[in-house]
Amino acid sequence: MEAVQAVRGMNDILPEQVGWWQGIEAAARKVLENFGYREMRTPVAEKLELFARGIGESTDIVEKEMYAFEDRNGDWLALRPEATASIVRAYVQHGLHGDSSYHKFYQIGPMFRHERPQKGRYRQFHQIDAEVFGLDGPMIDAEMMHMVSLLMERIGISGVSLNINTLGCPKCRQVYREVLKKFLSDKGDGFCEDCMRRRETNPLRVFDCKVKSCAQLLESAPQLIDHLCEDCRAHFEAVRDHLEKLGTPYAVNPRIVRGLDYYMRTTFEVITDRLGAQSAIGGGGRYDGLVRDLGGPDVAAVGFAMGLERLVLLLEQEKTKPVRSPLCFFASLGDQARASAFLLSQKLRERGVETEIDYEGRSLKSQMRRADKSGAKYVLILGEDELARREVQLRDMLTKTQRILPLDTILETLETIEAEKFNP
RNA sequence: GUGGGUGUAGCUCAAUUGGUUAGAGCACUGGGUUGUGGCCCCAGAGGCUGUCGGUUCGAGCCCGAUCACUCACCCCA
């Protein structure tokens, strides 16, 4: 019989790796809640239309990467390729904007994009996503980037850098787009095939190009920063000023143009050189028009997303793997003793003492080996002799010392030991 | 969607110009100790060499196809 395999690009996270995930998620929840963000959980599937309108019809995500399917009743649905559109939808649908001038939400969960998998990129991947609605000033932009930097630190990841940029507003971007288009066509045919295409469809994206000759030609290109309208310039300068006062290191990088249509003004990415081709471990920015475009009130919005798989890959490079060990292993000899050990170990677990036992009646040597491998600090040994005397041996695996306890005190004794683990 | 690389035991890898019984380390099981872990010693179990086809007296090895994994392009977290 042939075994069924997991879907390409959709990975199992096995117990051996899951410690990384739990650590990252716990750190993220703590930091986000500290900054006033509240968790929201939205469905993994939405109406296809939501993503088409929210992300942009002409983006790669919508054009060729979506898991779209027809529901049995004829509706077109899609597995979410990102979280922002869903959170905006829920915010609008439940009228959450009514009770306060601004709101902060976060979500942690799986996203789906039908791309060819490679290192740090999978078809089901996981994001930590945060959104703020209702604040249009530069303060929240800076706070969000400051928070992201703190989050990296709390997770335990170093050697990453924060790159920021501004895309201007639709008004000044339109002016700049024409200036850039003129520059690009004046330069002639020196660009790579992709850039020749980009300069017609989405000229800003040429700055994303990795081809050396293109980068050279672009050195003298006009910069968006020099073509900002007065409001956009003031906003960007205030963001930078806040970051500097917060002591959050950053670099201005005009190449941060972001792939989704809805971004404007502030954009940022957290970048590393340790993940192969995938340099961005997180990114975000401002998208003031999106809520209105999705049928909601005309409120400003800022948000970011971080890739959990990428965080895990980085964390694996610099920290040792977290391990999960029981406090005690309950070894027994003989059927009667094993039956008693079974009952007592359930009592221990009921009291919150993490306990492992032998179910199979194996040799004591084999049980000791298993106990050692499990990392248990203590082994309880109950043989027929001990059982007859209503006693049990308590072995400290580290010091290799053993003492005899009355059988009916082990619950209290181990409970005390367990408590000392937290208040030594 | 396009291109490169790799598929041998649970894991990491060997296997002479194509040659007869496909090996090792780690992990696993049992024993060395009538009831005591890590180290050591002994033994055992574990494989349709990804799959299908071709060349050959003979294929883990050569050829083709296919599938999977992987890296990269595009794009993105």
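For the numbers below, each heavy atom of this structure counts, side chains included, while hydrogens, waters and symmetry mates do not. These numbers come from a predicted model, not from an experiment. Throughout, protein chains are lettered first and strands after them, A, B, ... in sequence-line order, and every chain is numbered starting at 1.
- Across all strands shown, Gly120(A) has heavy atoms under 4.0 Å from base atoms, whether or not it also approaches the sugar-phosphate.
- Side-chain nitrogen and oxygen atoms of Arg8(A) include at least one within less than 4.0 Å of the OP1 or OP2 phosphate oxygen of C69(B).
- For the pair Gln118(A) and A72(B), the criterion of a side-chain N or O lying under 4.0 Å from OP1 or OP2 is met.
- Under a cut-off of 6.0 angstrom, the local environment of CZ in Arg349(A) is crowded, with over 12 non-hydrogen atoms contributed by other residues, nucleotides or ligands.
- Using a 4.0 Å heavy-atom cutoff across all strands shown, Gln402(A) reaches at least one base atom of the nucleic acid.
- In the displayed structure, Glu49(A) atom CD is contacted under 6.0 Å by at most 12 heavy atoms of other residues, nucleotides or ligands.
- Checked against the 6.0 Å centroid threshold, Phe133(A) and His103(A) do not count as a close aromatic pair.
- Between G60(B) and A15(B), the distance separating the two P atoms is 15 Å to the nearest Å.
- Taking the C1' atom of each, G7(B) and A14(B) are spaced 15 Å apart, rounded to whole Å.
- Between A77(B) and A68(B), the two P atoms lie 27 Å apart (nearest whole Å).
- For C75(B), there is no paired base (Watson-Crick or G-U wobble, both distances below 3.5 Å).
- Closest to the side chain of Arg116(A), out of G37(B), A72(B), U36(B), is A72(B).
- A donor N or O paired with an acceptor N or O is found under 3.5 Å between the base of C75(B) and the side-chain atoms of Arg121(A).
- Both distances falling under 3.5 Å, in either a Watson-Crick or a G-U wobble arrangement, occur for no nucleotide opposite U16(B).
- Using atom C1' as the reference point in both C69(B) and A22(B), the two lie 23 Å apart (nearest Å).
- Each of Leu308(A) and Ile381(A) lies near RNA chain B, and the nucleotide nearest Ile381(A) is the one positioned closer to the 5' end.
- Taking 4.0 Å as the cut-off between side-chain N and carboxylate O, Arg369(A) and Asp372(A) do not count as a salt-bridged pair.
- Ranked by how close their nearest RNA chain B nucleotide is to the 5' end, Gly9(A) and Met306(A) are led by Gly9(A).
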- Task: Show the numbers, then the answer: is there a salt bridge (Lys or Arg N to Asp or Glu O under 4.0 Å) between Arg338(A) and Glu360(A)?
- Result: CA-CA 9 Å; Arg338(A) 185 151 54 103; Glu360(A) 301 159 296; over 6 Å; no
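- The pairing partner recorded for G58(B) is none, the criterion being a Watson-Crick or G-U wobble arrangement whose two distances lie under 3.5 angstrom.
- For the pair Arg370(A) and Asp358(A), the salt-bridge criterion is not met [side-chain N within less than 4.0 Å of a carboxylate O].
- Interface residues of residues 360-370 of chain A facing RNA chain B, ordered by number: Arg362(A), Ser363(A), Leu364(A), Lys365(A), Ser366(A), Met368(A), Arg369(A); criterion, heavy-atom separation under 4.0 Å.
- With hydrogens and angles ignored, a donor-acceptor pair under 3.5 angstrom links the side chain of Glu386(A) to the base of G35(B).
- Picking from G38(B), G35(B), A77(B) the nucleotide with the shortest atom distance to the side chain of Asp372(A) gives G38(B).
- Across U49(B) and G44(B), the matching C1' atoms stand 23 Å from one another, rounded to whole Å.
- Base contact: Asp385(A) has a heavy atom under 4.0 Å from a base atom.
- From Met145(A), atom CE reaches atom CD1 of Ile164(A) across 5.0 Å, with rounding to the nearest 0.5 Å.
- Residues Lys377(A) and Glu354(A) are not paired through a salt bridge, judged by the lack of any N-O separation under 4.0 Å between the basic side chain and the carboxylate.
- Pairing for A68(B) goes to U6(B), judged as Watson-Crick or G-U wobble with the two contacts each under 3.5 Å.
- Residue contacts shown for Ala280(A) are limited to sugar-phosphate atoms, with no base heavy atom under 4.0 Å away.
- Taking the C1' atoms as reference points, U33(B) lies 14 Å from C40(B), given to the whole Å.
- Residue-level contact check: Lys400(A) touches the bases, meaning some heavy atom is under 4.0 Å from a base atom.
- As the counterpart of G46(B), no nucleotide is assigned, since no Watson-Crick or G-U wobble pattern has both distances under 3.5 Å.
- U36(B) and G30(B) have their P atoms separated by 14 Å, given to the nearest Å.
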query = Hey, mind stepping through Arg116(A) and Arg8(A) against side-chain contact (heavy atoms from CB on, under 4.5 Å) and telling me if it holds?
reply = CA-CA 9 Å; Arg116(A) 212 47 184 263; Arg8(A) 154 179 283 211; 3.6 Å; yes
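- Distances were taken from every side-chain heavy atom of Gln393(A) (C-beta onward) to each of C71(B), U36(B), A77(B); the shortest belongs to U36(B).
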